[in-house]
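Some notes on the structure that comes next.
Lettering of chains follows the sequences in order, A, B, ..., and the numbering in each one begins at 1.
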Amino acid sequence: MSVENTASSGPAPSDFIRDIVAKDLADKRYQKIVTRFPPEPNGYLHLGHAKSICLNFGLARENQGQCNLRFDDTNPTKEEVEYVDAITADVDWLIAGWADHCLGLKPKGAVPRKQSQDGRDDYHLPAVPPGTADAEPFFASDNFEALYDFAVALIRKGKAYVCDLSPKETDEYRGAPDKPGRESPWRNRSVDENLDLFQQMRAGEFPDGARSLRARIDMASPNVWLRDPLLYRIRHTAHHHAGDKWCIYPLYDYAHCLSDYIEGITHSVCTLEFEVHRPLYDWILAALELPRPLPHQYEFAKLNLSYTIFSKRRLLQLVQEKLVDGWDDPRMPTLSGARRRGIPAAAIRRLAALVGVTKYDGVTDVALFEHAIREELNGLAQRRLAVLRPLKVVLTNLAPDEIIEVDATNDPQAEHPTTRRVPFTREVLIESDDFAEVPPPKYFRLKPGGEVRLKYACIIRCEEVVKDASGTVTELRCTADLSTRSGGPNSDRKVKGTIHWVSATRAIDAEVRLYDRLFTVAEPGATEDFKQFINPHSADVIRAKLEPSLGAATTEDRFQFERIGYFNLDPKDSSAGRPVFNRTISLKDTWAKGGKP
RNA sequence: UGCCCGAUGGUGUAAUGGUAGCACAAGCGACUCUGACUCGCUUUGUCUAGGUUCGAGUCCUAGUCGGGCAGCCA
């Protein structure tokens, strides 16, 4: 199966939502499709959000449409600008070079304009053309004035009322899923009284929780969301975007469908838990008798990944209790964590394409994500030599000051691979795993009296094993067969094993962080005490030896340390002369897994 | 004994009444100056019971199992 990548547009994915969109377009129900990605700025974006971003922006780019970024910021007590900025950056990163031309923004500071169509009042705020200067994301809070007006219209139609029940009473009156609710005693107030009270709510005449605005629907509905749901609550709290203008704030169900409508959204795609809200979404829009085409809501299953948690609450807990190094800790499933870890945005898009879109709420094996990362990095990463746990090897037939510059391939997957020079010297370091005094069966690497090829250099033979007083191997004394040098007369000579190495005298030092899965169990979120499953080896830090060219690495580079894994320069903790490399992901290792007895 | 949604190999999915296919994972093998990549092969599947039909994973009915919904959260 081929999958979309950054450069080409590959075969378009197919799923039930794309089918609906295709049909709507074929039926000329809409002339242009407009989707939206509506995060609440109360946490960082994670891989679960990425699935939604890929779906919504994918829909837009595949149909020459647009996808608006909108902050669903109707709850001032939970939201912060820090999150707005982080989310904006994460979205930009994820869609860069792929769907950024579909990103729907509005003019900075703009709010919906009141207009009249067919004699009916309307509010509309379409996105600006891509590339327009001074554009910013949409904010539900920019719609507050329009939303207030729509609420007044609802009251005038007798479809909303001010209710004086306390939160606790409201709860009791609502009933239970299997028991009908009771009507509020305030349900049949006159329009004028409702209008007056609602205006007073806005003016700040009442304390928090004293009154609310409710839709007048059906207290006996089997769907509890239709039992006169709240539209507005009183909250004497300043808002991170709207300032201190408001003390009443709309609730999700009311704000969302209308924000969709105001922006001209055609397909409002959300996750499964909102399925039972859809009748309310439709009710509000229908009740207002709006002049323009209405948006429709469709639901899909959110992403669940094994060995991963996505719960905002728990992620926040990890951050606050310093179990991880912030929201962008490379082990976090956040987009900022993934970015810092060196995972390309295209790998995340690849994952989204691989998991597909359905209404089945399953758990995707994190191995699929790891596969997507390796697939992407394999074509992207420059090959380099690095030794994580060094063992000294002295090539006794080389002069102490001899430096042989060997050619090493940078990009074996490229059509026309390039090379670089790597210094090869009398003393080299090899991976301690690559020597075994007592080799297990089928061991291809170096052993006493055995031969192995040092990649890009030549074949060496282990003549002598040097140990310290405790019996630990400290050094290998080997001879190099320079006639087998790459490009040399006997370069074709085959040995079973080829290992990586660096020059002991020319290598540079670096801190290397060996990241691994954050949790040791497949479903860490299954119990409340998920913290006991944190992998103690999820961030092992070592000092490693790298080939000299790595001293010039930049944070944009992606490397494969040959035979080890993919690495990037940590963008946060690296400094000139003090490089810190992150292991994005290891190479597949069938030897370590099962080949090894 | 409420309402809504879902169920295809270990996992994620395709098949839109007509040969159950793909990817990941797992296993075996080939290749290899990366035990990587690549390539080949293999194991494993339509929740159950009825019904409609020439023909059902697909449509219908009932059941089972799983998920969601009773925030002035989103």
Side-chain angles (χ1 to χ4, degrees), chain A residues 1 3 14-16 19 38-40 42 72-75 77-79 163 165-167 170-171 174-181 208-209 211-214 221-227 229-235 249 251-253 255-256 270-279 299 301 306 312 354-372 374-375 378-379 383 385 408-409 412-413 442-445 453-459 484 486 491-492 494-500 522 560-565 586-596:
Chain A
M1 175 189 179
V3 151
S14 170
D15 55 65
F16 76 100
D19 290 347
E40 184 188 13
N42 69 344
D72 217 342
D73 55 351
T74 56
N75 186 355
T77 61
K78 291 190 173 175
E79 299 153 5
C163 179
L165 254 24
S166 71
T170 309
D171 231 36
R174 187 160 30 233
D178 55 346
K179 284 197 305 265
D208 289 7
R211 290 183 219 259
S212 62
L213 184 75
R214 293 230 253 164
S221 170
N223 182 341
V224 293
W225 288 102
L226 259 20
R227 322 244 262 225
L230 270 77
L231 269 21
Y232 273 89
R233 81 284 227 186
I234 299 173
R235 279 262 223 280
Y249 291 95
L251 279 110
Y252 166 83
D253 289 290
H256 201 89
C270 61
T271 47
L272 253 26
E273 66 267 32
F274 294 100
E275 219 159 6
V276 287
H277 295 240
R278 196 191 328 135
E299 309 86 14
S306 62
K312 270 186 192 176
L354 286 169
V355 297
V357 179
T358 66
K359 299 187 75 159
Y360 176 69
D361 191 17
V363 180
T364 297
D365 192 337
V366 74
L368 194 63
F369 183 39
E370 296 171 341
H371 167 76
R374 290 189 181 105
E375 189 90 345
N378 183 39
R383 308 293 123 124
L385 297 177
T409 307
Q413 312 283 328
K442 287 196 178 173
Y443 188 78
F444 300 164
R445 284 109 98 145
R453 177 177 284 279
L454 295 182
K455 189 160 190 188
Y456 304 123
C458 65
I459 293 170
T484 62
S486 308
S491 67
D492 285 348
K494 304 292 180 198
V495 285
K496 198 60 189 167
T498 298
I499 63 174
H500 59 278
Q560 183 198 98
F561 292 175
E562 296 208 45
R563 300 210 310 131
I564 303 173
S586 65
L587 248 32
K588 269 178 41 177
D589 188 351
T590 45
W591 170 249
K593 191 177 57 186
K596 190 162 56 176

- Message: Please report the distance separating the C1' of B:A26 from the corresponding atom of B:G63, rounded so that it comes out in whole Å.
- Response: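 About 35 Å, rounded to a whole number of Å.
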Any-strand Watson-Crick or G-U partner of [N], both distances under 3.5 Å:
N: B:C47; result: B:G63
N: B:C3; result: B:G68
N: B:C22; result: B:G12
N: B:G29; result: B:C39
N: B:U58; result: none

Distance check needed: [N] [atom2] versus [X] [atom1], whole Å only.
X: A:Asp72; N: B:A74; atom1: CG; atom2: P; answer: 8 Å
X: A:Asp178; N: B:C69; atom1: CG; atom2: P; answer: 16 Å
X: A:Asp208; N: B:C73; atom1: CG; atom2: P; answer: 10 Å
X: A:Asp361; N: B:G68; atom1: CG; atom2: P; answer: 8 Å
X: A:Arg563; N: B:C37; atom1: CZ; atom2: C1'; answer: 15 Å
X: A:Glu273; N: B:G71; atom1: CD; atom2: P; answer: 16 Å
X: A:Leu272; N: B:A74; atom1: CG; atom2: C1'; answer: 15 Å
X: A:Tyr360; N: B:G6; atom1: OH; atom2: P; answer: 13 Å

Looking only at the side chain of [X] (C-beta and beyond, no hydrogens), which of the listed nucleotides [options] gets closest?
X: A:His277; options: B:A74, B:U8, B:U34; answer: B:A74
X: A:Pro177; options: B:A70, B:A74, B:C37; answer: B:A70
X: A:Leu587; options: B:U34, B:G71, B:A74; answer: B:U34
X: A:Arg233; options: B:A26, B:G35, B:C72; answer: B:C72
X: A:Ala367; options: B:A25, B:G68, B:U34; answer: B:A25
X: A:Ala176; options: B:C73, B:A70, B:U13; answer: B:A70
X: A:Asp365; options: B:G10, B:A26, B:U13; answer: B:G10
X: A:Lys496; options: B:G27, B:U32, B:U13; answer: B:U32
X: A:Glu375; options: B:U38, B:C24, B:C3; answer: B:U38
X: A:Lys588; options: B:G2, B:A36, B:A70; answer: B:A36

Can you find a side chain N or O atom of [X] that sits less than 4.0 Å from OP1 or OP2 on [N]?
X: A:Arg174; N: B:G71; value: yes
X: A:Thr358; N: B:U13; value: yes
X: A:Arg235; N: B:G71; value: no
X: A:Ser14; N: B:A14; value: no
X: A:Lys312; N: B:C73; value: no

- Query: So, do A:Tyr252 and B:A74 meet the stacking rule of ring centres under 5.5 Å and planes under 30°?
  - Reply: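 Here the ring of A:Tyr252 and the base of B:A74 are not stacked, as the 5.5 Å and 30° limits are not both satisfied.
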- Message: Using the six-membered base ring of B:G35, report whether A:Phe444 stacks on it, requiring centroids under 5.5 Å and planes under 30° apart.
- Response: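 Yes; centroid distance and tilt both under limits.
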Just to be sure I understand the rule, does [X] reach a base, reach only the sugar-phosphate, or reach nothing, if contact means heavy atoms closer than 4.0 Å?
X: A:Thr74; result: sugar-phosphate
X: A:Leu230; result: base
X: A:Tyr443; result: base
X: A:Leu165; result: base
X: A:Lys179; result: nothing
X: A:Ser221; result: nothing
X: A:Tyr249; result: nothing
X: A:Glu275; result: sugar-phosphate
X: A:Asn378; result: sugar-phosphate
X: A:Val495; result: nothing
X: A:Arg453; result: base
X: A:Glu370; result: nothing
X: A:Pro38; result: nothing
X: A:Lys455; result: base

- Task: Enter syn or anti for the glycosidic conformation of B:G71, syn applying to angles within 90° of 0.
- Result: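 Base orientation relative to the sugar is syn.
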- Nearest heavy-atom pair of A:Glu79 and A:Asp72: which atoms, and what distance?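 Reported closest heavy-atom pair: OE2-O, 3.7 Å.
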- Item | Non-hydrogen atoms of A:Val276 and A:Trp225 that approach each other most closely |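 Reported closest heavy-atom pair: CG2-CD1, 3.8 Å.
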- Task: Give a yes or no on whether a salt bridge exists between A:Glu299 and A:Arg278, defined as a side-chain N under 4.0 angstrom from a carboxylate O.
- Result: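 Answer for the salt bridge query: yes.
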- Query: Within the side chain of A:Thr484, is there an N or O that forms a donor-acceptor pair under 3.5 Å with the backbone of A:Ile459?
  - Reply: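 Yes; judged by distance alone, with no hydrogens or angles, the pair exists.
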- Counting only N and O atoms by type, is there a donor-acceptor contact under 3.5 Å from the side chain of A:Arg211 to the main-chain atoms of A:Cys163?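 Not confirmed, A:Arg211 side chain does not pair with A:Cys163 backbone.
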- Task: Please step through salt bridge (Lys or Arg N to Asp or Glu O under 4.0 Å) for the pair A:Lys359 and A:Glu275, ending with a clear verdict.
- Result: CA-CA 11 Å; A:Lys359 299 187 75 159; A:Glu275 219 159 6; 2.6 Å; yes
- Measure distances between side-chain N and O atoms of A:Ser486 and base N and O atoms of B:C33, and say whether any donor-acceptor pair falls under 3.5 Å.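 Answer is yes: a donor-acceptor pair is held.
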- Query: What about A:His500: does its side chain form a donor-acceptor pair under 3.5 Å with the base of B:A36?
  - Reply: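 Such a pair does not exist between side chain and base.
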- Query: What residues, two or more places apart in sequence or in another chain, satisfy salt bridge (charged side-chain N to carboxylate O under 4.0 Å, His left out) together with A:Arg235?
  - Reply: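 For A:Arg235, no residue satisfies salt bridge (charged side-chain N to carboxylate O under 4.0 Å, His left out) once neighbours in sequence are set aside.
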- Angle class for the A:Phe444/A:Trp591 ring planes (parallel below 30°, perpendicular above 60°, tilted otherwise)?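 Geometry flag for A:Trp591 against A:Phe444: parallel rings.
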